[in-house]
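Single-structure report; data block below.
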Amino acid sequence: MNATIKIDFVSDVSCPWCAIGLKSLETALDRLQDEVQTDIHFQPFELNPDMPPEGQDITEHLVQKYGSTPQQLEQASEAIRQRGADLGFEFGMGKRDRIYNTFDAHRLLHWAALEGPAGSQHALKMALFSAYFTEGLSPASHEVLLQKVGETGLDTERAQAVLASDEFAAEVREAEHFYTSHGIRSVPAIILNDKHLISGGQPPEVFEQALRQIAAELAQ
């Protein structure tokens, strides 16, 4: 049995490059299959922690935050759409017109890792990416969150109780602080065995090479 490589995938569900990064990682893992054993943990990061529940118009937000021109935004959107398509992920361009608060989504992801069956956090993460980027739904909406919880086979009554309380809020804040205090300023940030960092939505080959190299070192 090969040694297991721990993967901490630090990301936000409203980050398009995080969706691309996860699909790239999944592609790399499919290619490696029997060569590498991994244990993936999805860690919270909020791109817009002060965003109100109703969100903000996405064009207005990106112009304010990055000073982007409409032409630059259009070019960036097309690059993201194409990268997603190449990896089998659909960005529903034109469906997503607002940026939302994602804190409750992170609380549910934390809950899924603790109380759900193996693989359920990963499944919920991908379902939330699809909800926002493919369907244009709000990850701040409790109705949307519970729908995706149900679709991934998790307990919707338990999830509803989590959302109705402040359960796991402290744990999510603590995890967010841990990663920002260790220098994580942009996502996705993929940390292998607590010491190797891969930043951004890299192509599958980058993950494949890094994982194969670490697995080889562990086997020595």
**Asked** Under the 3.5 angstrom rule, does the side chain of S24 hit a backbone N or O of Q202 as a donor-acceptor pair?
**Response** yes
**Fill in**
Taken to the nearest 0.5 Å, the spacing of F168 CZ from L109 CG works out to 12.0 Å
**Euclidean distance, L29 CG relative to T38 OG1, rounded to 0.5 Å** = 4.5 Å
**Request:** Can you measure from OG (S68) to CD (Q75) and round to the nearest 0.5 angstrom?
**Result:** 10.5 Å
**side-chain contact (heavy atoms from CB on, under 4.5 Å) against Q82, all qualifying residues, sequence neighbours excluded** = E78, A85, D86
**Straight-line distance of I80 CD1 to F89 CZ, nearest 0.5 Å** = 11.0 Å
**Item:** Qualifying side-chain hydrogen bond (donor to acceptor under 3.5 Å, both in side chains) pairs, either residue in residues 182-200, two or more places apart
**Value:** K6-D194
**Prompt:** Got a sec, which pairs hit ring pair (Phe, Tyr, Trp, His ring centres under 6.0 Å) with one end in residues 8-30, sequence neighbours left out?
**Reply:** F9-F42
**Prompt:** Do you reckon I40 sits in the same ILVMFWY cluster as L32, going by side-chain contacts under 4.5 Å, direct or chained?
**Reply:** yes
**Joint cluster assignment, V144 & L124, ILVMFWY side-chain distance < 4.5 Å** = no
**Under the side-chain contact (heavy atoms from CB on, under 4.5 Å) test, residues paired with T102 that sit two or more places apart** = D12, V13, S14, E46, H106, P139
**Complete:** Connected to F103, directly or through other members, by ILVMFWY side-chain contacts below 4.5 Å are V172
Using residues 160-167 as the side-chain source, report each donor-acceptor pair under 3.5 Å to any protein atom, sequence neighbours left out, with the distance given to one decimal.
residue : atom : partner : partner atom : Å
S165    : OG   : A161    : O            : 3.2
S165    : OG   : V162    : O            : 3.0
S165    : OG   : E167    : N            : 3.1
E167    : OE1  : R158    : NH1          : 3.0
E167    : OE2  : R158    : NH2          : 2.7

**Message:** My understanding is that only residues two or more places apart in sequence, or in another chain, count here; which of them pass ring pair (Phe, Tyr, Trp, His ring centres under 6.0 Å) with H61?
**Reply:** none
**Fill in**
In this structure, CD1 of I190 is separated from CG of D8 (nearest 0.5 Å) by 10.5 Å
**Request:** Please say whether more than 12 non-hydrogen atoms of neighbouring residues, nucleotides or ligands are located less than 6.0 Å from CD in E54.
**Result:** yes
**Request:** For residues 125-160, pull every pair meeting ring pair (Phe, Tyr, Trp, His ring centres under 6.0 Å), keeping only residues two or more places apart or in separate chains.
**Result:** F91-F133
**Message:** Between T156 (side chain only) and L146 (backbone N and O only), is there a donor and an acceptor less than 3.5 Å apart?
**Reply:** no
**Prompt:** Going by atom types alone, do E151 and Q147 pair a side-chain donor with an acceptor below 3.5 Å?
**Reply:** yes
**For the student: nearest non-hydrogen atoms of N101 and N48, plus distance** = ND2-O, 4.4 Å
**Request:** Please answer whether the main-chain N or O of A131 pairs with a side-chain N or O of T134 as donor and acceptor at a distance below 3.5 Å.
**Result:** no
**Item:** Residue pair G116 / L154: nearest heavy atoms and the distance that separates them
**Value:** CA-CD2, 3.8 Å
**Request:** Drop me the distance from Q43's CD to I191's CD1, to the nearest 0.5 angstrom.
**Result:** 8.0 Å
**Prompt:** Can you name the residues that form a ring pair (Phe, Tyr, Trp, His ring centres under 6.0 Å) with F45, not counting sequence neighbours?
**Reply:** none
**D104 side-chain N/O to A140 backbone N/O, donor-acceptor pair under 3.5 Å** = no
**Prompt:** When you look at CD of Q33, are more than 12 heavy atoms from neighbouring residues, nucleotides or ligands closer to it than 6.0 Å?
**Reply:** yes
**Request:** List in chain and number order the residues that pass side-chain contact (heavy atoms from CB on, under 4.5 Å) with D39, two or more places apart in sequence or in another chain; answer none if no residue qualifies.
**Result:** T4, H41
**Item:** Sequence neighbours excluded - salt bridge (Lys or Arg N to Asp or Glu O under 4.0 Å) pairs with any residue from residues 205-220
**Value:** R31-E205, R31-E208, E35-R212, E208-R212
**Asked** Quick one: ring pair (Phe, Tyr, Trp, His ring centres under 6.0 Å) partners of Y66, sequence neighbours excluded?
**Response** none
